[in-house]
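Contents: one structure, followed by commentary.
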Amino acid sequence: GQQLNQSPQSMFIQEGEDVSMNCTSSSIFNTWLWYKQDPGEGPVLLIALYKAGELTSNGRLTAQFGITRKDSFLNISASIPSDVGIYFCAGPGGSQGNLIFGKGTKLSVKP
Amino acid sequence: NAGVTQTPKFRVLKTGQSMTLLCAQDMNHEYMYWYRQDPGMGLRLIHYSVGEGTTAKGEVPDGYNVSRLKKQNFLLGLESAAPSQTSVYFCASSYTNLAKNIQYFGAGTRLSVL
């Protein structure tokens with residue numbers, strides 16, 4: 001089945017640094033979703049992208065839908081301790097349009 | 001507005017025991033899903049439902065059964081728990097599974113099978 005490859009798997013950064021992560025697919029997606037999972041909680045939607053080339057921001061977070069429609073990027077500017085968590089990309093690549101998820105990027109922020 | 005509520009939050013089972021995880025949503029969503037999350041594996045779909053009275057298999061359905069008797073509830077059952085089913089289970093719901101499929105998740109059930 002289809003897979004989403006997320007990188008990096010984990011990141012350890014200093015507070016105030018910018019963060020970049022990406023997600024790639026072997027096939028074309030028409031939607032990209034980015035979720036964040038806080039420790040001990042369920043994933044929460046951060047940003048949804050619906051058009052190739054689309055750039056969308058949510059506070060300090062910016063996500064882009066790649067032109068090839070096979071990738072997406074998430075950037076976090078000026079990271080803070082509460083950015084800690086696992087970031088998942090997702091897209092409708094499963095059977096009957098169900099979402100498939102990347103394996104996540106685990107972010108750790110040192111104050 | 002509670003969103004998606006899962007019960008229980010934690011459970012420890014012995015091998016061979018059975019249990020049911022309950023998911024309830026108050027958003028009038030048609031679609032509901034059960035996932036399991038294992039370290040380094042992301043979220044994998046177990047079963048899903050496209051409406052009241054319907055269920056379908058996902059990516060990893062073996063060892064699990066589900067029922068959707070009411071639109072707002074989606075139950076996940078383990079008939080004979082195995083250590084390989086130790087995981088964190090998440091329920092989610094969505095209005096549609098078309099292009100703008102945004103799923104809303106519960107807080108999870110942490111299950112250990114000894």
Side-chain angles (χ1 to χ4, degrees), chain A residues 1-11 21 23-25 27-52 54 56 58 63 65 69 72 85-106, chain B residues 2-7 9-10 21 23-25 27 29-51 54-61 66 74 87-110:
Chain A
Q2 293 188 42
Q3 288 188 345
L4 293 181
N5 297 308
Q6 245 183 289
S7 64
Q9 284 187 327
S10 61
M11 303 180 75
M21 60 189 78
C23 194
T24 60
S25 168
S27 57
I28 289 173
F29 277 13
N30 53 26
T31 299
W32 283 97
L33 305 174
W34 284 94
Y35 283 84
K36 183 196 177 194
Q37 183 179 23
D38 288 329
E41 299 292 331
V44 174
L45 183 69
L46 296 173
I47 293 177
L49 303 162
Y50 301 114
K51 279 195 306 190
E54 181 179 355
T56 298
N58 178 3
F65 194 140
R69 295 171 64 190
S72 181
I86 303 176
Y87 293 80
F88 291 101
C89 61
S95 63
Q96 297 194 27
N98 286 321
L99 288 181
I100 58 172
F101 288 80
K103 294 183 178 180
T105 293
K106 186 174 181 180
Chain B
V4 179
T5 304
Q6 290 183 235
T7 53
K9 293 191 186 311
F10 303 93
L21 283 66
C23 176
Q25 54 96 1
M27 296 174 282
H29 284 167
E30 289 292 334
Y31 294 79
M32 296 188 75
Y33 313 82
W34 276 106
Y35 293 90
R36 60 178 289 173
Q37 183 180 29
D38 301 295
M41 296 296 291
L43 291 156
R44 292 184 293 170
L45 184 64
I46 304 171
H47 286 281
Y48 65 100
S49 168
V50 303
T54 74
T55 62
K57 293 180 179 180
E59 180 187 356
V60 288
V66 288
F74 195 27
S87 187
V88 182
Y89 292 86
F90 288 100
C91 175
S93 71
S94 65
Y95 178 69
T96 176
N97 77 336
L98 298 178
K100 300 195 175 185
N101 179 10
I102 296 175
Q103 293 184 15
Y104 298 86
F105 286 81
T109 295
R110 282 145 188 83

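In the text below, chain A, chain B and the rest are named by the order of the sequence lines, each starting its count at 1.
- Heavy atoms closer than 4.5 Å to chain B are found nowhere in A/F29, neither backbone nor side chain.
- The side-chain hydrogen bond (donor to acceptor under 3.5 Å, both in side chains) test with B/S94 singles out one residue from B/Y48, B/Y33, B/Y104, and that residue is B/Y33.
- In this structure, the portion of B/L45 lying under 4.5 Å from any heavy atom of chain A is its side chain and not its backbone.
- Listed by chain and residue number, B/H47, B/P61 satisfy the side chain to side chain contact (heavy atoms under 4.5 Å, CB included) test with B/K57 (two or more places apart in sequence, or in another chain).
- Counting heavy atoms from C-beta on, the side chains of B/W34 and B/Y89 come closer than 4.5 Å.
- Proximity to chain A (any heavy atom under 4.5 Å) is shown, for B/R44, by neither the backbone nor the side chain.
- Contacts of A/Q9 with chain B are absent, with no heavy-atom separation under 4.5 Å from either backbone or side chain.
- Your options are A/G40, A/S10, A/G91, A/A48, and the one with the most heavy-atom pairs under 4.5 Å with chain B is A/G40.
- Of the atoms belonging to A/L99, heavy atoms from both backbone and side chain fall under 4.5 Å from chain B.
- Counting only distance, with no hydrogens or angles, the side chain of A/N58 and the backbone of A/I47 share no donor-acceptor pair below 3.5 Å.
- Atom CG of A/N98 is separated from atom CD of B/E59 by 10.5 Å, given to the nearest 0.5 angstrom.
- Only the side chain of B/Q37 has a heavy atom closer than 4.5 Å to any heavy atom of chain A.
- Evaluation of the ring pair (Phe, Tyr, Trp, His ring centres under 6.0 Å) rule for B/Y35 yields A/F101, B/F105 as partners, not counting sequence neighbours.
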